[in-house]
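In what follows, chains are A, B, ... by sequence order, proteins preceding strands, each numbered from 1.
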There are 2 protein chains.
Amino acid sequence: MAEPDPPRAEQRRTWRSPDRRDEILRAAFALFAERGYRGTSLAAVADRAGLSQPGLLHHFPGKEALLAGVLQMYEKIDAGRLFTGPTATTATETSLDRLAEVIEYNASRPDAVRALAVLAAESVTSDHPARAFFVERYAEFRKGAARALEAEFKRRGQLTSEQAAALTIAVLDGLHLQWLLQPDEIDVPDLFTAFLSLLRQRPIDNN
Amino acid sequence: MAEPDPPRAEQRRTWRSPDRRDEILRAAFALFAERGYRGTSLAAVADRAGLSQPGLLHHFPGKEALLAGVLQMYEKIDAGRLFTGPTATTATETSLDRLAEVIEYNASRPDAVRALAVLAAESVTSDHPARAFFVERYAEFRKGAARALEAEFKRRGQLTSEQAAALTIAVLDGLHLQWLLQPDEIDVPDLFTAFLSLLRQRPIDNN
DNA sequence: CGCGAACTACCGAGTAGTAGGTCGGCAACG
DNA sequence: CGTTGCCGACCTACTACTCGGTAGTTCGCG
């Protein structure tokens, strides 16, 4: 019954309920941020969205579908801002400063940051449904960042742009983790800017 | 069920437990690494340790106590290696290079890294029993790293030693996350060394 | 030495509670 | 009158945890 859906995947997908679906997704997003995927129950999401649990399952076939929807929603919202986009993004517009702006913006919405941080870390556990998503996301993220870095200051010292990209993303995630644990002690935008200034330095033995 | 209890603990079943407790803790550590704290059931830990679930609860009063035991065990094992130690560590011996060695060592035991990464990220969710542990751990970690950094090259450029410490730890955690998602793409020791070389560079406008 | 109380380690069976998911049906609407 | 949105009741599986009991060991005491 709920298994086969090859033909009806295209046009009739959204029916007439995009509003309610979005409400549910927002509720799920908030709860995933607070308690993680495994720590969140469908009943809690349904309650937050103002309907019953079977009512929720009318919109999403299962919990994994909910998670998929949340991740997809996040992608739509945030993908445009960053160099995380598809391969054919205009390379000139993407830059590390642009990323720094996003980080500044993120400081005002810890819930979204927490959701992504929690889900990403959770996804490294075995059989986690978001694992593929994050593997792909990080790969693309690194590729985009490497491109941006290359455009901005080519090769510096011993660092390849791929290495710099991995480090940049690592700094971001690591700072966010510390910030989520101790919001008052960690100023993410400030620290990230400091890291960028490190990246822009010249190597000690060159020129 | 499927295990007929092959190595039934030699002959002497170590009166007064510590062996059995350690077995249980090791099983719990491994499972927390695989599935996280919330994703791990007491029954699964008990099964892995070769006893029943009530048998496990004979050694630990509850699941939180198990987690506490695991974290305590980790602290005992790893605290000595790092500058995470108490305030009165010999400052001369602590260094970033020493940290780099630990990172190299950690590359050979992804399970331990995964356990800490997963538990740390999980602990940012509300009401997580490990939260206090990680808040304290990171605060101490930063303090120790800041001291080591100060000793090694005082103040560099715009970076205070506290900022450098937060960045260093962030790089570590972030790299580990990427590595756990894509082990073949990320060389943590290599990237960390690259980051250290960034830290050691001179500021662009100085000297 | 022997014997039984005390203690440790453990298990079988069960507790209440919660999880994700199913089923049948009801109401509104185009 | 079928599609869409939703709910109450229910199901099964699993959760952490409890209870009562039973081996095996140690030790006090005669």
Self-check item: Any N/O donor-acceptor pair, A:Gln53 side-chain to D:dC7 base, under 3.5 Å
Solution: no
Practice problem: Nearest whole angstrom, please: distance from the C1' of D:dC7 to the CG of A:Asp47. | Solution: 14 Å
Quiz item: Does a sphere of radius 6.0 Å around CD in A:Glu136 hold more than 12 heavy atoms from other residues, nucleotides or ligands, not counting ones at 6.0 Å or beyond?
Solution: no
Practice problem: Whole angstrom is fine here: how far is it from NE2 in A:His59 over to C1' in D:dG5? | Solution: 6 Å
Quiz item: In terms of the nearest nucleotide of DNA chain C, which residue is placed more toward the 5' end: A:Ser41 or A:Leu57?
Solution: A:Ser41
Quiz item: Mind checking whether B:His128 and B:Tyr37 have ring centres under 6.0 Å apart?
Solution: yes
Quiz item: Atom CG of B:Leu67 to atom C1' of D:dA16: distance rounded to whole Å?
Solution: 14 Å
Practice problem: Starting at atom CG of A:Leu42, determine the distance to atom P of C:dG20, rounded to an integer number of angstrom. | Solution: 4 Å
Quiz item: Would you say B:Arg38 reaches D:dT15's phosphate, i.e. side-chain N/O to OP1/OP2 under 4.0 Å?
Solution: no
Self-check item: salt bridge (charged side-chain N to carboxylate O under 4.0 Å, His left out) assessment of A:Arg98 paired with A:Glu101
Solution: CA-CA 5 Å; A:Arg98 183 123 184 271; A:Glu101 282 170 32; 5.4 Å; no
Practice problem: Check whether any side-chain heavy atom of A:Leu175 sits under 4.5 Å from a side-chain heavy atom of A:Asp187, and report yes or no. | Solution: no
Quiz prompt | Nearest-angstrom distance from the residue atom CG of B:Leu51 to C1' of C:dT8 | solution = 14 Å
Exercise. For B:Phe60 and D:dT18, give me the distance from atom CZ to atom P, rounded to whole Å.
Key: 16 Å
Quiz item: Expressed in angstrom and rounded to an integer, what is the separation of B:Arg21 atom CZ from C:dA9 atom P?
Solution: 10 Å
Quiz item: So, is A:His58 near the phosphate of D:dG5, with a side-chain N or O under 4.0 Å from OP1 or OP2?
Solution: yes
Self-check item: Point-to-point distance, once rounded to the nearest 0.5 Å, from CD of B:Gln178 to CZ of A:Arg142
Solution: 5.0 Å
Exercise. Report the distance from atom CG of B:Leu66 to atom P of D:dT15, rounded to the nearest whole Å.
Key: 14 Å
Self-check item: Proximity to the side chain of B:Pro54 - top-ranked nucleotide from C:dC10, C:dC11, D:dC17
Solution: C:dC11
Self-check item: Distance below 4.0 Å between B:Ser52 side-chain N/O and C:dC10 OP1 or OP2
Solution: no
